[in-house]
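Each remark here refers to the structure printed beneath this line.
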Amino acid sequence: MSATKDMILEAFQFRHACKKFDPSKQVSDEDIRTILEVGRLSPSSFGFEPWKFLIVQNTALKKKLYPVAWGAQNSIDGASHLLIILARRKVDMIYSSPYIMRMLKDIHHIPDAMAETRRKGYENFQIHDFELLESDRAMFDWACKQTYIALGNMLTTAALLGIDSCPIEGFNRRAVDELLGQEQLIDLDHFGVSVMVGFGYRSKNPRGKTRQAMDDTVQWIK
């Protein structure tokens, strides 16, 4: 058990937002599929999986992304894989949508009567608990928050495999959405870009980890 704890902490010490990747080194297909599988298996609110993962390998598309995704430029230049994580929009995530009913019946395999009870609970959650129906943006941002659970799990998995990563929010969301829509890669009525991440291998070692002290971060309530 002690060895496992040491391995976990070592991975988190290793992980950093890699600013410069070595373009000569490639992440294996097996490793990238493991990272993606961890993303797929990640938890989401009500288990509704409001995400989709795009692995961008097309050189022409990367060139088009370059000017509208300034934070991704180092990953475009040198990372082995560039991942764009999409989040579903209100049309899919609202309690009454066909997507939600498909998830309940076809993915969760919940009987009709129980599915309706669960849907009602989801409706109450959206209207009263989190007040998500105030705007389309509120619903989309809620879906985006959940994609970060998958993102975090993939970053940790990469670190455990000795693979570097860089989570990316440095992009013009509207411009990237429009580009992916023009390229017919996403249906803009249903999806928008949440976050990006590059995976690969560092070209040089980073500076040491800088974090606040534990006592400044954690409060015990007894």
Side-chain angles (χ1 to χ4, degrees), residues 11-12 14-42 44 49-89 140-141 143-207:
F12 275 86
F14 168 86
R15 193 218 63 78
H16 75 293
C18 186
K19 297 299 187 290
K20 190 168 180 60
F21 291 92
D22 184 342
S24 69
K25 296 181 179 179
Q26 293 293 302
V27 177
S28 71
D29 288 344
E30 181 181 3
D31 283 348
I32 202 67
R33 289 184 181 279
T34 297
I35 292 168
L36 291 169
E37 179 68 352
V38 166
R40 187 183 74 88
L41 293 174
S42 293
S44 58
E49 306 172 39
W51 49 55
K52 187 173 183 179
F53 308 131
L54 303 182
I55 295 288
V56 181
Q57 297 180 298
N58 184 279
T59 302
L61 179 58
K62 286 182 179 180
K63 288 181 179 178
K64 292 177 182 179
L65 280 169
Y66 206 86
V68 294
W70 53 269
Q73 290 175 355
N74 288 327
S75 292
I76 292 171
D77 285 338
S80 171
H81 292 77
L82 176 66
L83 169 64
I84 299 177
I85 303 180
L86 307 177
R88 288 188 178 270
R89 298 191 187 276
F140 181 68
D141 285 349
C144 286
K145 283 188 204 176
Q146 295 173 65
T147 69
Y148 278 65
I149 301 172
L151 170 66
N153 287 341
M154 288 191 279
L155 296 178
T156 299
T157 300
L160 288 166
L161 294 171
I163 296 166
D164 288 298
S165 60
C166 183
I168 301 158
E169 287 187 325
F171 56 89
N172 184 303
R173 175 176 275 162
R174 185 188 299 275
V176 176
D177 278 349
E178 289 177 354
L179 173 59
L180 296 178
Q182 290 166 3
E183 297 289 321
Q184 297 185 330
L185 295 171
I186 65 172
D187 183 340
L188 293 175
D189 290 334
H190 293 269
F191 287 101
V193 176
S194 173
V195 67
M196 303 179 187
V197 55
F199 294 106
Y201 296 96
R202 66 189 68 180
S203 63
K204 62 179 180 179
N205 288 327
R207 65 173 185 166

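- Rounding to the nearest 0.5 Å places CZ of Phe14 at 10.0 Å from CG of Leu160.
- Scanning all heavy atoms of the two residues, the minimum distance from Gly39 to Ala150 falls at O-CB, 3.8 Å.
- For the atom pair CD1 (Ile149) and NZ (Lys145), the distance works out to 10.5 Å, reported to the nearest 0.5 Å.
- Within a 6.0 Å radius of CZ in Phe12, no more than 12 heavy atoms belonging to other residues, nucleotides or ligands are found.
- At a threshold of 4.5 Å between non-hydrogen side-chain atoms, the residues Tyr201 and Val27 count as touching.
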TODO: Show your reasoning for whether side-chain contact (heavy atoms from CB on, under 4.5 Å) applies to Leu180 and Leu54.
DONE: CA-CA 10 Å; Leu180 296 178; Leu54 303 182; 4.2 Å; yes

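- Looking at every heavy atom in both residues, Pro23 comes nearest to Gln26 through O-NE2, 3.8 Å.
- For Arg173 (side chain) and Val193 (main-chain N/O), a donor-acceptor pair under 3.5 Å exists by modelled atom type.
- Annotation: side chain of Leu65 is in contact with side chain of Leu82 (closest heavy-atom distance under 4.5 Å).
- Between the CE atom in Met196 and the CD1 atom in Ile76 there is a gap of 7.5 Å [rounded to 0.5 Å].
- No side-chain heavy atom of Ile85 sits less than 4.5 Å from a side-chain heavy atom of Tyr148.
- Contact check on Asp177 versus Arg89 returns a salt bridge, with a Lys/Arg side-chain nitrogen under 4.0 Å from an Asp/Glu carboxylate oxygen.
- Using a 4.5 Å cut-off on side-chain heavy atoms (C-beta onward), Ile35 and His81 make no contact.
- In this structure, the side chains of Ser75 and Phe21 come closer than 4.5 Å at one or more pairs of heavy atoms.
- Between Trp51 and Ser44, some side-chain heavy-atom pair lies under the 4.5 Å cut-off.
- No side-chain heavy atom of Val197 sits less than 4.5 Å from a side-chain heavy atom of Met154.
- Around the NZ atom of Lys62, the shell of radius 6.0 Å holds more than 12 heavy atoms that belong to other residues, nucleotides or ligands.
- For the atom pair Leu86 CG and Thr147 OG1, the distance stands at 9.0 Å (nearest 0.5 Å).
- Taking all atoms of both residues into account, the shortest heavy-atom contact from Phe199 to Ile32 is CD1-CD1, 4.0 Å.
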Q. Under the side-chain contact (heavy atoms from CB on, under 4.5 Å) criterion, do Leu61 and Leu185 qualify, and how do the steps go?
A. CA-CA 11 Å; Leu61 179 58; Leu185 295 171; 3.5 Å; yes

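- Ser42 and Val38 get closest at one heavy-atom pair: OG-O, 2.8 Å.
- Put simply, CZ on Arg202 and CG on Asp164 are 4.0 Å apart, with the number rounded to the nearest 0.5 Å.
- No donor-acceptor pair closer than 3.5 Å links the side chain of Ser165 to the backbone N or O of Leu155.
- Taking CG of Leu83 as the reference point, atom CG of Leu36 lies at 6.5 Å (rounded to 0.5 Å).
- Looking at Gln182 and Lys64, their side chains never come closer than 4.5 Å, going by heavy atoms from C-beta outward.
- A salt bridge links Glu37 to Arg40: at least one charged side-chain nitrogen sits closer than 4.0 Å to a carboxylate oxygen.
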